[in-house]
Every structure is written in C-alpha cells, then in structure tokens.
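Order of the sequence lines sets the chain letters (A, B, ...), proteins ahead of strands, with each chain counted from 1.
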Number of protein chains: 4
Amino acid sequence: MKSTKPKYNQIIEAAVKVFAENGYHGSQVSKIAKAAGVADGTIYLYFKNKEDILITVFKEKMGQFIEEIALATGKQVSAEKKLFTLIDMHIKQLSNDHDLAIVTQLELRQSNVTLRRQINQVLKPYLTMIDNIINVGIESKQFRKDINVPLMRQMIFGTLDEIVTNWVMKEHKYDLVSQVPQVHALLIHGLRS
Amino acid sequence: MKSTKPKYNQIIEAAVKVFAENGYHGSQVSKIAKAAGVADGTIYLYFKNKEDILITVFKEKMGQFIEEIALATGKQVSAEKKLFTLIDMHIKQLSNDHDLAIVTQLELRQSNVTLRRQINQVLKPYLTMIDNIINVGIESKQFRKDINVPLMRQMIFGTLDEIVTNWVMKEHKYDLVSQVPQVHALLIHGLRS
Amino acid sequence: MKSTKPKYNQIIEAAVKVFAENGYHGSQVSKIAKAAGVADGTIYLYFKNKEDILITVFKEKMGQFIEEIALATGKQVSAEKKLFTLIDMHIKQLSNDHDLAIVTQLELRQSNVTLRRQINQVLKPYLTMIDNIINVGIESKQFRKDINVPLMRQMIFGTLDEIVTNWVMKEHKYDLVSQVPQVHALLIHGLRS
Amino acid sequence: MKSTKPKYNQIIEAAVKVFAENGYHGSQVSKIAKAAGVADGTIYLYFKNKEDILITVFKEKMGQFIEEIALATGKQVSAEKKLFTLIDMHIKQLSNDHDLAIVTQLELRQSNVTLRRQINQVLKPYLTMIDNIINVGIESKQFRKDINVPLMRQMIFGTLDEIVTNWVMKEHKYDLVSQVPQVHALLIHGLRS
DNA sequence: AATGAATGAGGCTTCATTCAT
DNA sequence: CATGAATGAAGCCTCATTCAT
C-alpha cells in the first residue's frame, strides 16, 4: 500500500512551512504549490480554497498537539501533576516545532473572524481538557473550591499563549522549557508571598 | 480642546469604527475616507499608507489607555492595590469601548510581523508598568521574592488579554467588570486551596 | 437496435441533458462524464474536445430531426401541404423534446463563429429542403413566380426559429402546436386583408 | 464643457469593436481596456463586471437603433408604410454598422440565459412597436382582422433577424438594402400566387 | 478500452496608491 | 490643503485536457 494521500500530506507540510515563513497573506497559493512540488490546481483537489488550507493545517497539527497532551495528562492522577504535564507538553511541543509555533501564535491570527471561530472550535477540546483538570483539582480539594472555572481556564491558556507568543516574537532566542516549573508554580501559588 | 488638524482626528475616529466593523483586510482605504468624510487622497496627506493608519490609531488610542492606567495605579501605594487598579482599568476601559476592544483584540492581530513589532513598541510602556508593580510588590514583600518578573508579567498580561479576547469573541454577551475581583484573587493567590 | 458503442451513446444523451440544463459554458466536461456514468478521460476517446461534443450532439439529433421532416414532407405532393407538414413537424418535434429545444435555440448559440459555421453545415440540408418546397410551389404555380427563394427560405426558417425561441424563453409555458395552422396561413397569405 | 464621460464612451466604442472582432468569450477585459486606451481597473469604475459591459453596450446602441426606427415609423400614417419603414430602417442601420450587426446577431447570443433575459427587456419596446403597427393595420383594415398579433410579430422580427444573421455569417458579402422591397412584399402578400 | 488524478494556462476583479487639477 | 479619477500589479480559482496505470 502506498503512503496514503501523498500529495495531500505534501501540501499540508509545505503549507506549514510557507505560512510560517511568509504569513497567511504573504503565502500565495502558487507558493505553497511550488513548495509542495505540485501544480497550483492540485491544491484545489484537496482543499476548497486558501482559507481551507489554513484551517486544515491547523486541525491536523492541533489535533495531534491536543492528542499528545490528553494522553500525557491522562497518565497523571493529581490535578497539580496534570496541570504541570499540560504546561510542560504545551511548551515543549511548540518549542520543538518552530514553524508550527509561528503558525499558531502569529499567522493564524491574521485571519477574519469567521475563520477564528472555526479555530476556536478546534481548540475547544483543549479548553475542555483544562476545565476538567481544574474540576478534578477542586473535587480533590487541591484547588480552591470557589474558583471560577472559565476564568481560571482563561488565565492558564492566556498565560501559556502569551509566553509562547513572546518567545516566537523574540525569534526563539531563549529557552522556554526551563521556565515550565516557574510557570506551574505561579499558577498554583499566585503572587502572594 | 484641539481643533487643530480636524481631518486628522476625523480619520482616526472613522478608522477605529471601520476597522472594528470590517476588520483590517475588510477596511478599504476608500471606506475609511468615506466614513471620515474626506477624499481618498486626503488620507495620504496624514498617513504614509494603510498600515500607518492602523498603527497610528493604535498609538493614539493605546497611549490614552496606558496613560489612564498609569495615572490610576500611581495613586495607589501597595502593589496589590496597584495590580487591582490595573486589572480594573484594563477591563473597564475595553468594556466601555467595544470598537476599541475589537480593534485591539482582533483586528490588530490581522497584520504582518513587522506591524506586530511596532505594536509591541507601543505596548512596551504598559508592560514596563506591570514590571514596576511586580517589583514594588517584591520590594515591599507583598509578593514572593523568587518571582521571575518577565514571566509574571506575561502571566498577568496574557490572562487579561485572553479574558478580553474571549469576551469580544462572544460578542460582549456577558459582563466583564464584575469579574475583576476574581481575576485579581487568582493572580494573587493562585490555584492552591 | 444498436448496442455498439454504448458509452458513445451514453455520452451523447447525457450531453443533451447537461447542455440543456446548464448551458454550454456551464457544462463542464466532468459534469457530462458524470451524467454519462463514465470517466472524464473516456470522453476523449470518443470526442476530440468539448466543442466536438456539442457539434456531434447537434449533428446526431439534428440529423434525425431533418430526416423525419424529409420523410413526412416527401409524402405530400402539393407545395402548400409540404410546407404545412414542415412547419408542423418542426414545431412538434421541438415541442416534444424540451431539452433538445433548449440546446438548439439557446445553448448552441453560445459558441464562437467557427462552431456556428459547422452548425450551418448541418443545417444546410434542411434549408435546401425548404428551398425545394418553395421551388415546387413556384413550378406548380401555387406560389408566386417572382419570389426570391433564399429570402423566402430565410423568412420561413427565421419565423419558425423565432417562434420556438420565444416559447423556450417563456419556459414552454404555452402550447405551440396549436399555432401551426396560423403560422402556415401567415406564410401563405401574408398580412394583406 | 468637456465631452461628457469621455472614458465611458471610449470604453463603449472599444467594446463594440472588440466584441465584434473576438466574440464575447474571446474579448478579455484587458483587451477592451487596451483598445479603449485606459487601464484595466478603469473599466470597473464604469461597469460592474464584464457582462455589464455587454449589456450596456447593447442598451446604448439598441436604444439609438430603436429610437431611430420609432421616429421614422411615426412619420408614416398607413400600416403598410410603417412596416416598410421599419424593415427599411432595421436593415439599413445594421447594414451601415457592421460591428454593431456582428454584436447583435452573433456575440450577444453567446451569453447565458440571465443575460438574454435582460437583452429581451431592451428589445421589448421594439417588439411593442411592431405590435402597434400590426394593430394599426388591423384597425384600418389594411391587415386581416383574424391575425394573431404576437405570432405575426414573431414572424416579422424572426424574418428580419434571420436575414441579417445570414448576411453577417456570409461576412456581409452581398447587399441587403436592395432586398427591402421584397421582404416587405413577402410579409404583406405571403407566398400564395 | 477505461480510468481519474494531475496539470497549468489564463482571466476577472480588487484596491492601495498617485497625481493633475 | 484637498480632491477623486485613474492606475495596474497581483492572486485566487476553474476546468479542458493529458497520460500513467
């Protein structure tokens, strides 16, 4: 059996690279086609339009991203450790794939509201995962019982997102992974001395 | 009151509105000109190009935004109260100006990296302000002394940013201001029960 | 019954239908292939190109159309009756096959001059048949002897063509066949009271 | 006062020429622009899209065409003379403007049904004019009283249309105007000797 | 004979920017 | 200062046709 849908995968991989290097609006379809080694028209055998490429790239890549984190956090029992694992994996995965990080943190936002809504759909399982961890923590009394879960989730996700975006904007010049324990500590203990 | 450069201000105000309603890429220069009641060409007497409109809008509006927060936090002595005031003002100001919130949280991101760097320049004083509050807290021993300041700042800003973005994406359907105390509590105490 | 070249006939029949429903420019080769239940490439085993499908469809269908009329008029002796039969058959055949009527009256004209010349070739025997009827009428003194035959033929054909086109444009909303005697009368007697 | 809308008229004139030479589908917008001596984009300051050029050309030119005929037939009193004038003017005007004739008889038909409906709207006043002439003839008893007016109109228009189309297809190789009296005679007296 | 995935040329249209008035 | 008509580069997408299997 041949590797399934070879052109499809070629296009996906090329798109991540091209989007990362040029941004969404700077990534002409012809440029993606060239990078994928296919004809322009071939793109449209697999994707409805240019926007569809971006959203599909995101779905495929983000699906794996979330899957990995779900798997790893599932192995932990305590909410604190689950949270640590989530932070760790979130940062490690994006640290290891600069192109993907650029796409998720920068290029993906260069899109209209409609597209952003679709992106939010893809992110939903991830956000639900965070909610679940918080709830586990509350039930096990590791976390305060009066926590507003959506707010807390926004804090966790917003913090991770901002940290990775900063790192991408600084062109990956420093090491992110070593900051994981501190991020975890801040989220757990807060600022108060 | 400045009546100087009336057209300039007309354009700025029109641009905020048009960007908020149509997004950056949906805001043709001619649309902004029409909304401002000037000719297309007039725009170019005041702005270098379309990008320049966006960055200028952001500078003007964000300048005021930051100024207000600086003023208010300056009146507080304790770091905790300064932080509370910052959160409060950040959320209140964007709550009160939906158009501005849409521009800062959504449309501004629909831009290339170069533009985003300029935006970061504008944001810098704000981020420094947050850093200063954290440092005051550390010095006064209200905050833990082993805190990584940039990280903490990313957490605070990232949290606020995510919270406001969520609210904008949900089309301002719920009240943000009432959540200020909880946000403050989370940042101060963290998750730990 | 021919079972030879079954695919060929499938394609012809599918093409009439697809052309009638979508027009020439709205009938992609792939759409015809799908309607015919064959692969896109198969079309090119039987037809040189897309234009060739149209002209072939027309030749096949128009051939039958003309053949039927030739047969029926041949059975009549007097020029007037021949003419009546021709009008009758022309209108009846197109009345009975809406798809064909749409193709001949509308879609076929959506083509370039080269194609139209080929169409004229196919029509030639029909026009000659009209000429012959007129000549018979002149010789038998049923028709005026000073008639300009080509002109008269253009009048007869133009009248029929316009009548059918009008009926197609009105989406076949009224009955054509009942008008046959009046059309015949007009052509025979003219306007003069 | 400058000649009004000079570019608009340049485009209209260029379009007639280009359509006549290349057909609708062979007339790229860029080709029309070049022929008009304007930039491609300028076309879109005056026309919604390519189809709009065709329909506008037709409206402008056909409007004049009909106006001229209306004026001339209005000067005649008897129905027969009105009809003669209509035939005469119809054929003379198209005889004198080969490009226009090509556009009306050939290129205009290379369009979809929607467009053709618009064309019919433009033609409507002309068809009404023919109806009126027939009715005048019936009332004055010059024409038979049992005539089906729409049918007669289709005969008149269909005949003229076919005659002009044939002449265009034969590349204007013979003289049309001299046939006017014969056409008129045929329509008035019919075939019967 | 049949397939259908792949090709790639080609065209309509948009819109930021300019410049003569 | 202000205008707004004009520009023209640039890009997404379609679809007739091919060819390896």
Side-chain angles (χ1 to χ4, degrees), chain A residues 2 5-8 10-11 25-34 36-53, chain B residues 5-8 10-11 24-34 36-53, chain C residues 5-8 10-11 24-34 36-53, chain D residues 2 5-8 10-11 25-34 36-53:
Chain A
K2 312 237 183 80
K5 293 181 167 190
K7 306 255 166 182
Y8 177 83
Q10 280 168 43
I11 295 167
H25 291 289
S27 298
Q28 295 81 339
V29 171
S30 61
K31 207 182 269 178
I32 297 173
K34 195 171 205 176
V38 301
D40 291 20
T42 306
I43 302 266
Y44 292 89
L45 296 177
Y46 297 99
F47 302 91
K48 220 170 58 249
N49 50 37
K50 187 181 165 184
E51 201 174 281
D52 191 34
I53 306 174
Chain B
K5 293 185 168 189
K7 306 248 170 184
Y8 177 84
Q10 281 168 43
I11 295 167
Y24 180 68
H25 290 288
S27 298
Q28 295 80 339
V29 172
S30 62
K31 204 182 269 178
I32 297 172
K34 193 174 203 177
V38 302
D40 293 18
T42 306
I43 300 264
Y44 291 86
L45 297 176
Y46 297 98
F47 301 90
K48 211 166 70 248
N49 51 34
K50 186 179 168 186
E51 206 174 275
D52 190 35
I53 305 174
Chain C
K5 292 184 168 191
K7 307 248 167 181
Y8 177 83
Q10 282 168 43
I11 295 167
Y24 181 69
H25 290 289
S27 297
Q28 295 80 340
V29 172
S30 62
K31 206 183 267 178
I32 298 173
K34 194 173 200 177
V38 303
D40 292 18
T42 306
I43 301 265
Y44 291 86
L45 297 176
Y46 296 98
F47 301 90
K48 212 168 69 247
N49 52 36
K50 186 180 168 184
E51 205 174 274
D52 190 34
I53 306 174
Chain D
K2 311 237 182 80
K5 292 183 170 192
K7 306 255 166 185
Y8 176 84
Q10 281 168 43
I11 295 167
H25 290 289
S27 298
Q28 295 81 339
V29 172
S30 61
K31 208 182 268 179
I32 297 173
K34 196 171 203 176
V38 303
D40 291 19
T42 306
I43 302 266
Y44 292 87
L45 296 177
Y46 297 98
F47 302 90
K48 220 169 57 250
N49 50 37
K50 188 182 166 184
E51 201 175 281
D52 191 35
I53 305 174

Scan F47(C) against the nucleic acid and name what it touches under 4.0 Å (heavy atoms): base, sugar-phosphate only, or nothing. nothing
Between D40(D) and S30(D), what is the shortest heavy-atom contact and its length? OD2-CB, 3.4 Å
Specify the separation, in whole Å, of atom NZ of K31(C) and atom C1' of dA16(F). 14 Å
Rounded to the Å, how far apart are Y8(C) OH and dA1(E) P? 14 Å
When the distance from CD1 of I11(B) to C1' of dC1(F) is rounded to whole Å, what number comes out? 12 Å
Give the rounded distance in Å between these two atoms: NE2 of H25(D) and P of dA16(F). 12 Å
Between C1' on dG4(E) and CD1 on I32(C), what's the gap in Å once rounded to a whole number? 17 Å
OP1 or OP2 of dT3(F) less than 4.0 angstrom from a side-chain nitrogen or oxygen of T42(B), does that happen here? yes
Does N49(D) or K50(B) map to a spot on DNA chain E nearer the 5' end, using the closest nucleotide for each? N49(D)
Considering Watson-Crick and G-U wobble pairs with both distances under 3.5 Å, what does dA1(E) pair with? none
Between G41(B) and A39(C), name the one whose nearest nucleotide on DNA chain E is closer to the 5' end. A39(C)
Return whichever of V29(A) or D40(B) has its heavy-atom-nearest nucleotide of DNA chain F closer to the 5' end. D40(B)
In whole angstrom, what separates I53(B)'s CD1 from dA16(E)'s C1'? 10 Å
K7(D) has its side chain closest, among dT7(E), dT3(E), dA6(F), to dA6(F)
At under 4.0 Å, does any side-chain N or O of Y46(A) touch on OP1 or OP2 of dA6(E)? yes
Report yes or no: is the cationic atom of K50(C) (NZ for Lys, CZ for Arg) under 6.0 Å from the centre of the six-membered ring of Y44(C), at an angle within 45° of the ring normal? no
Check whether any side-chain heavy atom of I32(A) lies under 4.5 Å from a side-chain heavy atom of V29(A), and answer yes or no. no
Checking N1-N3 plus N6-O4 or O6-N4 for Watson-Crick, or N1-O2 and O6-N3 for wobble, each under 3.5 Å, the partner of dT21(E) is dA2(F)
Would you mind reading off the distance between I43(C) atom CD1 and dC15(F) atom C1', rounded to a whole angstrom? 13 Å
Taking the nucleotide of DNA chain F with the closest heavy atom to each, which residue, S27(C) or L45(B), is nearer the 5' end? L45(B)
Let's see if you can work this out: which of dT18(F), dT7(E), dG11(F) has an atom nearest to the side-chain heavy atoms of Q28(A)? dG11(F)
Rounded to the Å, how far apart are D52(B) CG and dA16(E) P? 14 Å
Does K31(D) use its side chain to pair, donor to acceptor, with the backbone of G26(D) at less than 3.5 Å? yes
Y8(C) vs F47(C) aromatic rings, parallel, tilted or perpendicular, using cut-offs 30° and 60°? parallel
Minimum-distance nucleotide to Y44(A) side chain [options: dC12(F), dT18(E), dG8(E)]: dC12(F)
